[in-house]
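Have a look at the structure below before the remarks.
To find a chain, count down the sequence lines: A is the first, B the second, and so on, and within it residues start at 1. Quick caveat, the model's predicted, so the values are computed rather than measured. All values below were derived from every heavy atom in this structure, side-chain atoms included, with hydrogens, water molecules and symmetry-related copies excluded.
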Amino acid sequence: MEFNKSLIATLREDPKEIESKSHRLLLRGGFIRQLASGVYTYLPLGWRVLMKISTIIREELDRIGGQELLMPAMSPREIWEESGRWEEYGDDMFRFKDRKGRDYCLCPTHEEIITDIARSKIRSYRDLPQIWYQIQTKFRDEPRPRFGVVRSRQFIMKDSYSLDKDNEGLDKSFQFHKEAYTRIFRRCGLNFEIVDASGGLMGTGESKEFMARVEIGEDTVVSCKNCDFRASLEAAKGMGEVLKFEDGPIVEVHTPGKKTVEEVSGFLKVSPSNLVKSMFYTSPHEKPIIILLRGDYEINEATLHHKFGFSYQPATAEEINKVFGAEPGFIGPHGKKDIDIYADDLLKGATGMITGANKNDYHIRGLNIERDVKIKEFLNLRDVKAGDRCIQCQGELEFYNGLELGHIFKLGTKYSETLGATFSDEKGEEKPIVMGSYGIGLERVMACACEQKGDEAGAVWPISIAPFEIYLLMLNPADKEIVAFGREINQALTKAAFSIIIDNRDVSAGIKFNDFELLGIPIRVTVGPKGIKNNRLDIYIRETKEVFEVSGSDLVGKCLEIRDHLYRRMSCE
RNA sequence: CGGGGCGUGGCGCAGUGGUUUAGCGCGCAUGGUUCGGGACCAUGAGGUCGUGGGUUCAAAUCCCACCGCCCCGACCA
């Protein structure tokens, strides 16, 4: 492609809205352009990168037997009513009405649609297993779009769905995807780790996230330095130390206006770990519960939801007042025999604790959990925090920011049951299809490559996803000789199946060199008057900054060698 | 949704009651000189000053409302 006829608009200055390295590089290089908050155009260069990524994804999904299809981006309300997610999705779902007033949404995901296909097309165990996938635009009205294309409101997702007759089949499909994803991200040249995840809204089945370690990662990954334990903070469990304080009778202490753990521990001059936080959770259809947690820990809501159900929410101040007779911050578990109380297992045997007195401006000291509170069950309900040890090996835990590139999870029969997607098994019994759901965010792969590989000067694309392989830089396109030589080289390289962008613009050299760096094309070939005179061409590798000088006749061979070398740097095996 | 910031040619910004046609740099167009790291000269095009309303002899500038974008938080794949 010729630069002077292309829609490539690099920016000389940083746009004011840049938020991260990848955002800056993608904007500056003219890969993307923002239209509205969280809504982007993929300009030709960016689109080429995304197409490269989708090709890799297709190859790897086809390899595990996936069949590509394309579902609609919009869908009618009814199917979402059936699964209950018309309500559940809330404000994250873009909704609209057609001319007749029927409700529609722009699909945030496609479980419902795929299950609808499955229920009409899958009749027998003989039709299983299946893996269906699509590469589709998804719409989610994010409360806060961020980091350019990393968290946007319209984004491209590869989503696949496995259909199996039983859990063994699902295990296999899950494993296939895990392997396919590993190959995909490796082929895209990214560094990543597979971590245990919590399914979130999707359900409680096994789930793994493919996390890239980058500064702007929005999730926290907990990683053991000693063994293979890797988990997102939500899914991570850590080992903490049980602490005991001097046992004694309960005494009331005056703590005027001191509500938070920091305020109370500061006021009483004790460590936060000496406190017990009492949290009151209510649900529209279930019994309220009290959760007890040591003051130096935070509650893990994912665990709470998995254990007790997604309908539980922190109680409002009014509810707390009504049940405890005190403001939030002054409540405690003692004397609450009519409410189920669950405690974090670090409180097992805890003595001498401080907690709310159920009386405004008062706390109590000397709480002995076993003696004074009827605990229904001790559970690990806390977030891991720095200093905790690995539950597998007691090794040291490390925390880092992870960008979620992909997520695989075992849905089980959640959707097939609610939507009635069943099949007849070998014995003629009707059973729900066992499903899995698997996603990859294409833009995140693109952004991640910029985050991990890019430098000050611009993007540095892994060759597998680079928009072009060779940047053919012609120094003076007004010079007929250079143009003719450049054309010759272009032909030879094209014949060797390279994808090439020729910078034939009549602008100063510096602009061309700078744009080459901004665009992040792996290999640069420079044609200039000096080179022509001596039949020398200069080849430069963006990633390694290596320079080679070759004669015209050696050029293609050398480029092939370099391409091979660059591919080998990130091969799967 | 709470707190804050911003909105002026394509991009980055200045102008915050009155210099008769709203500036600057970059970019763009035309001509010329250049041509191994954002070069130079000349000429030129391009603006509903986010939108609506108000105050005033006079508003980009003051007031009100709304919209948009961004940041921090809440929330979230």
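Pairs of residues two or more places apart, or lying in two chains, that qualify as salt bridge (Lys or Arg N to Asp or Glu O under 4.0 Å) and include a residue from residues 525-536 of chain A are A:R536-A:E549. The list of side chain to side chain donor-acceptor pair (under 3.5 Å) pairs with a residue in residues 466-476 of chain A, not counting sequence neighbours, reads A:E469-A:R563, A:Y471-A:D503.
Here the separation of B:rG15 from B:rG50, taken at their P atoms, is 15 Å to the nearest Å. Taking atom P in both B:rG54 and B:rU61, one finds a spacing of 14 Å when rounded to whole Å. Between the C1' atoms of B:rC11 and B:rC69, the separation comes to 16 Å (whole Å). Nucleotides B:rU55 and B:rC67 are separated by 23 Å at their C1' atoms, to the nearest Å. B:rA29 and B:rU19 have their C1' atoms separated by 31 Å, with the value rounded to a whole Å. As rounded to the nearest Å, B:rG31 and B:rG25 have C1' atoms that lie 23 Å from one another. Look at the P atom in both B:rG17 and B:rC63: the space between them is 11 Å, to the nearest Å. Across B:rA45 and B:rG9, the matching C1' atoms stand 11 Å from one another, rounded to whole Å.
Per the geometry, NE2 belonging to A:H305 stands 13 Å off C1' belonging to B:rC76, to the nearest Å. The interatomic distance linking A:F147 (CZ) with B:rC70 (P) rounds to 12 Å, in whole Å. The CD atom of A:Q313 sits 15 Å away from the P atom of B:rA74 (whole-angstrom rounding). As a whole-Å value, the separation of A:D92 CG from B:rC75 P is 13 Å. Going from atom CD of A:E142 over to atom P of B:rC70 covers 13 Å, rounded to whole Å. What separates CD1 of A:I18 from C1' of B:rC11 is a distance of 13 Å, to the nearest Å. Atom pair A:M93:CE and B:rC76:P shows a separation of 16 Å (rounding to whole Å applied). As a whole-Å value, the separation of A:E88 CD from B:rC76 P is 12 Å.
A:S232 comes within contact range of no nucleotide atom at all, as no heavy-atom separation falls under 4.0 Å. A:F155 comes within 4.0 angstrom of a nucleotide base, judged by non-hydrogen atoms across all strands. The residue A:E218 sits apart from the nucleic acid: no heavy atom pair falls under 4.0 Å. Base engagement by A:R146 is indicated by at least one non-hydrogen atom pair under 4.0 Å involving a base atom.
For the pair A:E218 and A:R146, the salt-bridge criterion is met [side-chain N within less than 4.0 Å of a carboxylate O]. Taking 4.0 Å as the cut-off between side-chain N and carboxylate O, A:R77 and A:E81 count as a salt-bridged pair. By the 4.0 Å N-to-carboxylate-O rule, A:D103 lies too far from A:R95 to be salt-bridged with it.
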5' to 3', nucleotides 24-38 of chain B under a 4.0 Å protein heavy-atom cut-off (B base, S sugar-phosphate only, - none) gives -BSS------BBBBB
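As the counterpart of B:rC49, no nucleotide is assigned, since no Watson-Crick or G-U wobble pattern has both distances under 3.5 Å. Across all strands shown, the partner of B:rA39 is B:rU33, judged by Watson-Crick or G-U wobble contacts whose two distances both fall under 3.5 Å. Nucleotide B:rC1: paired with B:rG73 (Watson-Crick or G-U wobble, both distances less than 3.5 Å). If you check B:rC26 for Watson-Crick or wobble pairing at under 3.5 angstrom, you find it paired to B:rG10. Pair assignment for B:rU56 gives none, since no Watson-Crick or G-U wobble pairing has each distance under 3.5 Å.
Residue whose closest nucleotide on RNA chain B sits further toward the 5' end, between A:S37 and A:R151: A:S37.
Residue A:D196 comes nearest to A:A235 through the heavy atom pair O-CB, 3.7 Å, listed as atom of the first residue, atom of the second, then distance.
Side chains of A:T10 and A:D515: a donor on one and an acceptor on the other come within 3.5 Å.
Environment of CD in A:E215: sparse, with no more than 12 heavy atoms of neighbouring residues, nucleotides or ligands closer than 6.0 Å.
Side-chain contact between A:R85 and A:T109 is present, with at least one heavy-atom pair separated by less than 4.5 Å.
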